[in-house]
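Report on one structure; see the data block that follows.
All values below come from the heavy atoms of this structure, side chains included, with hydrogens, waters and symmetry mates left out.
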Amino acid sequence: MLVCKIFAIITKAANCLVIYLLLSNFPLKKEHSFITLACISRFLCKFVGETNSDEFLYVPNGYDFLMMRQIRSKADGMRLNMLITVIQASMKKALLGLCLMCATMANAQGIGKVRFGTAYDEAVPCIEAILGTPVAADANVVTYKNVSFKGFKWSEITFKFKEGRLTEARCYMNQRNKKAATSQLSDIAKVMEKEHAMTMDFEDDGNLFYAGGTSPMGYGHLFTIFISPRNGIWTTQMRFGPFRI
């Protein structure tokens with residue numbers, strides 16, 4: 001919820017001018033724009049859990065304005081109360097959208113629900129929850145064979161750790177020839193683009209490849225989908241990392 005708290009603070013500052021302009025059409029004193037802002041800030045703090053903050057003025061609704069701030073008429077108080085309700089609803093939707101976006105971005109910086117940079121003891125149970133029991137595992141590499149992931153059957157998937165943290169993952173799909181390996185690329189890319197922005201390009205040797213997502217470092221891609229020979233067999237591969245985390 002840290003992001004939500006930061007957003008609440010930014011919203012409080014950014015809405016000073018907006019609230020003032022909204023209220024300028026009402027026959028109210030200028031100070032009421034800041035009272036309204038305080039009310040919204042109070043709501044935001046309640047939403048993100050800062051219920052004990054004393055720096056926010058408590059103004060529950062427009063009817064309290066009528067009694068406490070001598071608004072000229074009950075109609076003014078009702079209109080102001082309606083405005084506050086609309087703004088509060090909009091702010092709640094914005095906060096929920098931001099939280100969802102941030103959660104999506106956080107999940108998008110890993111493989112499945114496992115984020116890169118996660119400690120070994122925390123990452124391995126999460127990996128097993130997705131793929132089951134590995135065929136081999138030590139402090140540096142966790143290996144799966146003939147396992148399904150993202151709707152595809154992979155010949156092998158490896159998770160690599162450095163200094164006790166997940167830094168790399170590789171998915172290998174053995175193919176009978178180069179043409180078959182290439183034809184599988186677009187199918188994998190179509191699935192991955194449901195969660196990540198994708199780009200397509202060609203390597204210097206003319207081979208097609210796809211790259212997508214954003215690395216946990218904040219620059220570069222999260223993964224690359226390409227073809228390459230491995231142990232004398234053409235493979236379709238999806239590589240995450242390695243990342244220096």
Side-chain angles (χ1 to χ4, degrees), residues 1-4 7 92-118 122-134 142-161 165-203 206-228 230 234-245:
M1 298 299 291
L2 177 60
V3 175
C4 292
F7 182 72
K92 186 173 182 179
K93 289 182 180 179
L95 279 169
L96 289 173
L98 181 65
C99 291
L100 178 61
M101 179 184 70
C102 292
T104 301
M105 290 178 62
N107 289 332
Q109 292 182 337
I111 178 169
K113 294 183 179 180
V114 186
R115 296 190 66 186
F116 289 100
T118 303
E122 181 182 348
V124 171
C126 293
I127 295 171
E128 291 180 345
I130 298 171
L131 301 177
T133 304
V142 175
T143 304
Y144 288 85
K145 291 189 176 182
N146 300 317
V147 65
S148 295
F149 178 66
K150 294 294 184 181
F152 299 95
K153 187 66 174 291
W154 299 91
S155 304
E156 184 176 328
I157 298 180
T158 60
F159 297 86
K160 297 184 178 181
F161 296 81
R165 295 190 175 277
L166 180 63
T167 59
E168 182 180 359
R170 289 210 180 199
C171 305
Y172 304 93
M173 188 183 299
N174 293 341
Q175 305 288 357
R176 62 181 180 275
N177 53 44
K178 181 179 180 180
K179 182 178 180 180
T182 303
S183 65
Q184 192 72 64
L185 292 176
S186 61
D187 293 336
I188 300 172
K190 287 178 181 178
V191 171
M192 297 302 290
E193 72 178 356
K194 294 177 182 179
E195 301 177 3
H196 307 275
M198 299 288 296
T199 61
M200 182 187 73
D201 206 342
F202 292 90
E203 299 187 42
N207 289 333
L208 175 69
F209 74 93
Y210 293 86
T214 303
S215 82
M217 319 239 343
Y219 58 88
H221 295 292
L222 176 65
F223 60 89
T224 306
I225 307 168
F226 62 101
I227 64 170
S228 178
R230 179 175 183 249
W234 277 100
T235 61
T236 305
Q237 298 188 28
M238 182 161 59
R239 179 185 65 212
F240 297 77
F243 303 113
R244 296 179 179 178
I245 300 177

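- T118 and A123 get closest at one heavy-atom pair: CG2-N, 3.7 Å.
- Relative ring orientation between F223 and F240 is described as tilted, the plane-to-plane angle lying within the 30° to 60° band.
- Between K113 and I130, the shortest heavy-atom contact is N-CD1, 3.8 Å.
- Put simply, CG on L131 and CD1 on I111 are 7.5 Å apart, with the number rounded to the nearest 0.5 Å.
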request  = Kindly indicate, with the supporting measurements, whether the criterion side-chain contact (heavy atoms from CB on, under 4.5 Å) is fulfilled by I227 and Q175.
outcome  = CA-CA 10 Å; I227 64 170; Q175 305 288 357; over 6 Å; no
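- Between atom OG of residue S228 and atom NZ of residue K178 there is a gap of 10.5 Å, rounded to the nearest 0.5 Å.
- Using a 4.5 Å heavy-atom threshold, the side chains of T182 and W234 count as separate.
- Taking both residues in full, the closest heavy atoms of G241 and E168 are given as C-CG, 4.2 Å, listed atom of the first, atom of the second, then distance.
- No side-chain donor-acceptor contact under 3.5 Å links T214 to the backbone of G218.
- Atom OH of Y144 is separated from atom SG of C171 by 12.0 Å, given to the nearest 0.5 angstrom.
- For the pair I225 and M192, the tightest heavy-atom approach, listed with the atom from each and the gap, is CD1-CG, 4.2 Å.
- In this structure, the side chains of R244 and T167 stay at 4.5 Å or more apart for every pair of heavy atoms.
- Here E122 contributes atom CD and L166 contributes atom CG; the two are 10.5 Å apart, rounded to the nearest 0.5 Å.
- Between F161 and V142 there is a side-chain heavy-atom pair separated by less than 4.5 Å.
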Legend entry - Step-by-step side-chain contact (heavy atoms from CB on, under 4.5 Å) determination, R170 to R230: CA-CA 12 Å; R170 289 210 180 199; R230 179 175 183 249; over 6 Å; no
- Task: Take Q237 and F209 through the test side-chain contact (heavy atoms from CB on, under 4.5 Å) and record every step on the way to the result.
- Result: CA-CA 10 Å; Q237 298 188 28; F209 74 93; over 6 Å; no
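- Minimum interatomic distance between F152 and V191 (heavy atoms only, all atoms of both residues): CE1-CG2, 3.6 Å.
- In this structure, NZ in K160 is found 12.0 Å from CZ in F116, a value given to the nearest 0.5 Å.
- Considering every non-hydrogen atom in both I188 and W154, the closest pair reads CD1-CH2, 3.5 Å.
- The CG atom of N207 sits 12.0 Å away from the CG atom of D201 when rounded to the nearest 0.5 Å.
- The closest donor-acceptor contact from the side chain of T199 to the backbone of A211 lies under 3.5 Å.
- Proximity of a side-chain donor or acceptor of T158 to a complementary backbone N or O of T143 within less than 3.5 Å is not detected.
- The backbone N or O of Q184 sits nowhere less than 3.5 Å from a side-chain atom of T236 that would complete a donor-acceptor pair.
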Exercise for review: Determine, step by step, whether V114 and F159 satisfy the side-chain contact (heavy atoms from CB on, under 4.5 Å) criterion, reporting the C-alpha distance in whole Å, the side-chain angles of both residues, the deciding distance to 0.1 Å, and the verdict.
Suggested key: CA-CA 11 Å; V114 186; F159 297 86; 5.9 Å; no
